[in-house]
There are 2 protein chains.
Amino acid sequence: MTSPTPAEPASRRLARALREDIAHGDLAPGDKLPSERTLAETHGVARNTAREAVRILADEGLVTAEHGRGVFVRPKPPLMRFGQRRYARTLRESTGKSPFRAEVEAQGRIPRVDCTSITRITPIPEVAERLDINPETETVVRRENWYYADDEPIQVGVTYSPWSIVEGTPIADSAQMGKGSLYARFEEKGHPITTIREEISSRMPTPDEVAGLRIPDGVPVIDLTHTGYDDQDRPFEVTTFVMRADRSALDYRMPVED
Amino acid sequence: MTSPTPAEPASRRLARALREDIAHGDLAPGDKLPSERTLAETHGVARNTAREAVRILADEGLVTAEHGRGVFVRPKPPLMRFGQRRYARTLRESTGKSPFRAEVEAQGRIPRVDCTSITRITPIPEVAERLDINPETETVVRRENWYYADDEPIQVGVTYSPWSIVEGTPIADSAQMGKGSLYARFEEKGHPITTIREEISSRMPTPDEVAGLRIPDGVPVIDLTHTGYDDQDRPFEVTTFVMRADRSALDYRMPVED
DNA sequence: TAGTGGTCTAGACCACCAT
DNA sequence: TGGTGGTCTAGACCACTAT
């Protein structure tokens, strides 16, 4: 007695129609959608139903609502791509600037990196494990960095390194790292970065991250835990990054081990 | 005259309360939330408002609604981790099975890989560019694979390789790759996989992906474009993966080039 | 059959933005 | 000021799950 495929709800039908308009370019990136009230009237539904359709698209990351202005097709700006070159000594020495700055400038945007806090703490288990230290007897220095392009926050990085290594260096207490930045200082202390491990996952942002990184609805974050090893294969720093996934991508090239 | 911080909306307040219950373990993974109607009554709001609160949590990936059953705190199963070892010859030769199978079995789950289509096509520009071929004169073989753990779809992979390389091999026309799988066949044709490039991004799934991979609300996908290079640094295959981000992670270890 | 989530209506008021 | 999205209400019916 029941029909095999129940009728598609009005909100999804409307969402599908708008999605196709976007896919076909009838609604181009940056374009403003009709207002919720207009959509409701022209499609013969209640405003809440039109609103639900818009929300479906927002959850897919296709549109962004701006309070008081309207709903807009989200433009797809080029992604900033980060790979292992960000740790190469040649890059450090030739430009003297960090790979984040290089990548952002390559896109014609203005980079900024703020070190917002430097503290000495007892490491959490995930960090202690990767640094191969005893969390009950050893402390680490925690440096929190915020990365911006044109004042738009792109990623947050938190670097942990053993106190025994960074004691007395700018890493332990200065926001200014000097020429060649962080990894030049590690190298001076006998820890040239030689191998890296990158653990990558993705998820929806927490409310704090939404606020801090100003992340629109429907945009996930990339969660990256980076571990640096020196020429004797000793881990000496762990950095966790949280990146806006609509602004960031990762790009690695590596040998296949046998 | 206006208060500096407008009152928090009731739906967000309720969402925050529930979020804290989850964080504190009062609501453990797998637990059922009170019904929307119960939440509405106990918090003195309309059902739609309680529903909105639940939706906020679903969009964050914290809970999953099951029609007719209730809303449940989403358990966090261990992630399946994939790295460059998945391409190592030693792994191929010692186990004879693909790294996906090995990883899934390591978690006590039953792997399955279905090759759902093999076609010969004109490559799209992104693929042609990575394979360094002329899309107007060369064709590629497209193999689509679906990967399951305990019959739960985890990822989709689409492999493209030049017809000139795979012509006459099982890669071009057989769902069965034989011992050592795909990369053993490439090696036999003079293309041992030596270097890989991995381009990683993340986004919300399309409606097709939601349906195909049975992805719950609030779960992004990891989008991975993999390129394989042989011992003469010639690219010979490109594979694009779409993975459920709540089931998959990537884990690479690589040297830093100077 | 009872209880759950899924969808929808018609209306209201608020907060934000541009003019 | 008028138009926009953001939130909320009180009610309704449908579809799914379990008993």
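Computed from heavy atoms alone, side chains included, the values below leave out hydrogens, waters and symmetry copies. Proteins get letters first, then strands, A, B, ... in listed order; numbering begins at 1 in each. In this text the structure is predicted, and so the values were computed from the model without any measurement.
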Quick one: [X] [atom1] to [N] [atom2], roughly how many Å, whole number?
| X | N | atom1 | atom2 | result |
| --- | --- | --- | --- | --- |
| B/D59 | D/dG6 | CG | P | 13 Å |
| B/F72 | D/dA18 | CZ | C1' | 11 Å |
| B/K32 | D/dA18 | NZ | P | 11 Å |
| A/D217 | D/dG5 | CG | P | 14 Å |
| B/R12 | D/dC8 | CZ | C1' | 13 Å |

Between B/G70 and B/K32 the two heavy atoms that sit nearest each other are CA-CE, 3.9 Å
Nearest heavy-atom approach of A/S201 to B/L79 is CB-CD1, 4.3 Å
Quick one: pull up [atom1] in [X] and [atom2] in [Y] and give me the separation to the nearest 0.5 Å.
| X | Y | atom1 | atom2 | answer |
| --- | --- | --- | --- | --- |
| B/T116 | B/E144 | OG1 | CD | 3.5 Å |
| B/D31 | B/R74 | CG | CZ | 15.0 Å |
| B/S117 | B/N145 | OG | CG | 9.0 Å |

Donor-acceptor pair, B/R143 side chain versus B/I171 backbone, under 3.5 Å? yes
Compute whether any side-chain donor of one residue and acceptor of the other, for A/Y160 and A/E237, lie under 3.5 angstrom apart.
no
* With distance as the sole criterion, is a donor-acceptor pair present between the side chains of A/H226 and A/E199 under 3.5 Å? -> no
A/P9 has its side chain closest, among D/dG5, C/dG5, C/dC8, to C/dC8
Considering only heavy side-chain atoms of A/E36, the closest of C/dG5, D/dG6, C/dT7 is D/dG6
Walking DNA chain C from its 5' end, the first of A/A10 and B/R37 to be reached, judged by nearest nucleotide, is B/R37
Reckon A/S35 has a side-chain N or O less than 4.0 Å from the OP1 or OP2 of D/dT4?
yes
Margin query: Taking atom CD1 as the centre, does A/I110 end up with more than 12 heavy-atom neighbours from other residues, nucleotides or ligands that are less than 6.0 angstrom away?
Written below: no
Within residues 44-57 of chain B, the residues having a heavy atom closer than 4.0 Å to DNA chain D are B/V45, B/A46, B/R47, B/N48, B/T49
Indicate, with a heavy-atom threshold strictly under 4.0 Å, whether B/R13 touches base, sugar-phosphate, or nothing. nothing
Report, one pair per line, the protein and nucleotides 17-19 of chain C atoms (nitrogen or oxygen only) whose separation is under 3.5 Å.
none

